[in-house]
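Working notes, structure below.
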Amino acid sequence: MPDRRTLLKSLPAIDRLLEHPQLKDSGEAIPYILLREAAQLTVASLRRQLLDTSAPLPDLTLDSVAVETIQCARRLASPSLCKVINVTGTLLHTNLGRAPLCASALNAIDQIARGYSNLEYDLARGERGKRFSHVEQLLCRLTGGEAATVVNNNAGAVLLCLAALAGGRSALVSRGEMIEIGGSFRIPEVMAAGNVRLVEVGTTNKTHLRDYLDHFDDQTALVLKVHTSNYRVVGFTESVGAAQLAELAHQHGIPVLEDLGSGLLIDLTPYGLPREPTVRESLASGVDVVTFSGDKLLGGPQAGLIVGQREIVDIIRKHPMARALRIDKLTLAALEATLSHYLDPNQALREIPTLTMLTVPAEQLQQRCELLLPRLKEACGDAASFAIVASSATVGGGALPLTELPGSAIAVAPRLLSTNRLCQNLRNCSPPVIGRVQDDRLLIDPRTLPPEDEQPLIGAVSHSLQGDRP
Ligand SMILES: *Cc1c(COP(=O)(O)O)cnc(C)c1O
């Protein structure tokens with residue numbers, strides 16, 4: 001039995017390891033700096049293994065250490081941000097990048113990214129132009145607004161509007177709308193960051209018109225209405241509708257800002273989805289300016305859209321924070337392409353993946369499961385049992401929180417390893433696969449699975465079921 005401490009002396013020196021043909025002429029374009037780091041990491045890990053008396057003795061031959069080093073170097077060289085296959089059934093998974101883009105948005109990004117563009121150049125006049133001009137008319141057509149601008153995301157849009165319209169003064173918000181969106185986006189904190197004094201009105205479950213009325217004073221600059229997009233207050237509740245609130249605020253010469261969160265441009269009730277106010281409805285009810293996200297139900301890139309009255313949008317655009325939150329050209333290209341589809345709602349439903357996945361009929365999902373099932377069984381043999389089960393998908397991204405989208409999924413019960421281990425193996429695949437666990441089975445929900453990812457998914461599942469994958 002060799003002494004572990006003596007074996008430490010046989011660990012290869014880094015320079016000698018780097019001279020090994022596996023590393024020197026690997027034929028792979030791995031930068032030297034990563035090979036060196038990989039060699040150091042590998043030797044350090046072997047040293048730890050030698051010193052840990054409970055660990056098995058590692059193979060210390062130069063060849064085997066070189067192989068481990070090259071594997072480590074490959075991991076270091078592979079991109080950190082990568083495509084994943086989402087079979088969780090959650091359409092707008094914030095952790096998985098929210099909305100996939102439509103084909104024309106991808107084309108637009110490709111065109112604009114490759115070269116120069118008229119981003120801030122007015123071609124008719126041959127002089128400096130405005131970047132938001134590329135989507136302003138489109139947004140106005142789609143919402144009935146007079147003017148529009150766009151920023152980096154909706155959190156930024158809300159912050160900017162608050163700072164521009166009520167900075168140094170106060171804004172009224174119902175206690176029933178004091179939301180947290182996630183991360184550190186909480187209405188009271190965003191108000192503070194915008195230097196706006198928050199005046200809470202009403203109670204958690206009930207806010208009446210007179211609650212707002214009681215709080216107007218000479219410091220009041222704004223009424224903020226927030227769509228409670230990620231939760232619902234149910235039971236003994238009351239809130240003031242946008243129209244009533246706008247009428248009251250306007251009598252006092254105060255504008256109303258509504259943060260719609262997801263912001264729908266078309267009504268989705270014909271597809272069995274709950275009623276949500278569209279941006280057009282909010283503006284038509286008298287709200288002066290509306291903010292919403294580009295990458296929630298709209299199905300576009302991450303962006304914060306601001307639409308409303310011309311004078312108000314002008315004030316917002318001129319605030320210094322507007323420059324700090326400005327949208328980049330690739331996002332703008334994708335946004336214009338996505339919004340264009342909405343000029344014909346049927347085209348939007350057909351072309352925008354988020355809307356397609358949201359409205360796909362349950363029978364179609366059942367059919368897809370029926371076609372996937374035999375292919376999975378054939379690829380995986382006895383390594384698991386498979387069954388088609390009812391599955392309810394969710395929208396995610398803080399939109400339509402109570403909505404369950406009925407559909408079907410394939411439940412996978414592994415035989416050779418635990419479900420957790422299966423999920424871990426799937427996350428290690430290339431591309432990684434992210435599923436959902438229910439009743440100790442892995443659910444594969446086809447709603448969020450593009451057809452071209454079916455084959456890689458089947459490969460990943462069959463590979464991951466074998467048990468001893470790192
Ligand atoms: C999601 C959401 C936000 C934040 O939007 P992002 O686009 O994620 O920045 C703000 N307000 C409401 C009501 C939301 O639902």
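Order of listing sets the numbers, starting from 1, for every ligand and every atom in it.
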Checklist entry - Hey, which atoms in ligand 1 end up nearer than 4.0 Å to a heavy atom of Ala155? => result 4 (C), 5 (O), 6 (P), 9 (O)
Checklist entry - Under 4.0 Å from any heavy atom of Ile179, which atoms of ligand 1 are there? => result 13 (C)
Item to check | Under the side-chain contact (heavy atoms from CB on, under 4.5 Å) test, residues paired with Leu123 that sit two or more places apart | outcome: Asn118, Tyr121
Checklist entry - Between Glu258 and Lys225, is there a salt bridge with N-O shorter than 4.0 Å? => result no
Checklist entry - Can you list the atoms of ligand 1 that are under 4.0 Å from a heavy atom of Ser293? => result 5 (O), 6 (P), 7 (O)
Checklist outcome for this item: Here the atoms of ligand 1 under 4.0 Å from any heavy atom belonging to Gly261 are 12 (C), 13 (C), 14 (C), 15 (O)
Next on the checklist: Please determine whether side-chain contact (heavy atoms from CB on, under 4.5 Å) holds for the pair Leu298 and Tyr342, giving the CA-CA distance in whole Å, both sets of side-chain angles, and the decisive distance to 0.1 Å.
Outcome noted: CA-CA 9 Å; Leu298 196 92; Tyr342 279 97; 4.3 Å; yes
Checklist outcome for this item: To atom 10 (C) of ligand 1, the nearest of Thr291, Thr228, Val158, Asn154 on a heavy-atom basis is Asn154
Checklist entry - Atoms of ligand 1 less than 4.0 Å from Phe185 heavy atoms? => result 10 (C), 11 (N)
Item to check | Atoms of ligand 1 close to His227 [distance to a heavy atom under 4.0 angstrom, numbered from 1] | outcome: 13 (C)
Checklist entry - Are more than 12 heavy atoms from other residues, nucleotides or ligands located less than 6.0 Å from atom CD of Gln347? => result yes
Checklist outcome for this item: Note: heavy atom closest to atom 8 (O) of ligand 1, options Lys296, Arg98, Glu258, belongs to Arg98
Item to check | More than 12 heavy atoms of other groups within 6.0 Å of Glu120 CD | outcome: yes
Next on the checklist: Taking the basic N atoms (NZ, or NE/NH1/NH2) and the acidic carboxylate oxygens, is any pair closer than 4.0 Å for Glu136 and Lys130?
Outcome noted: no
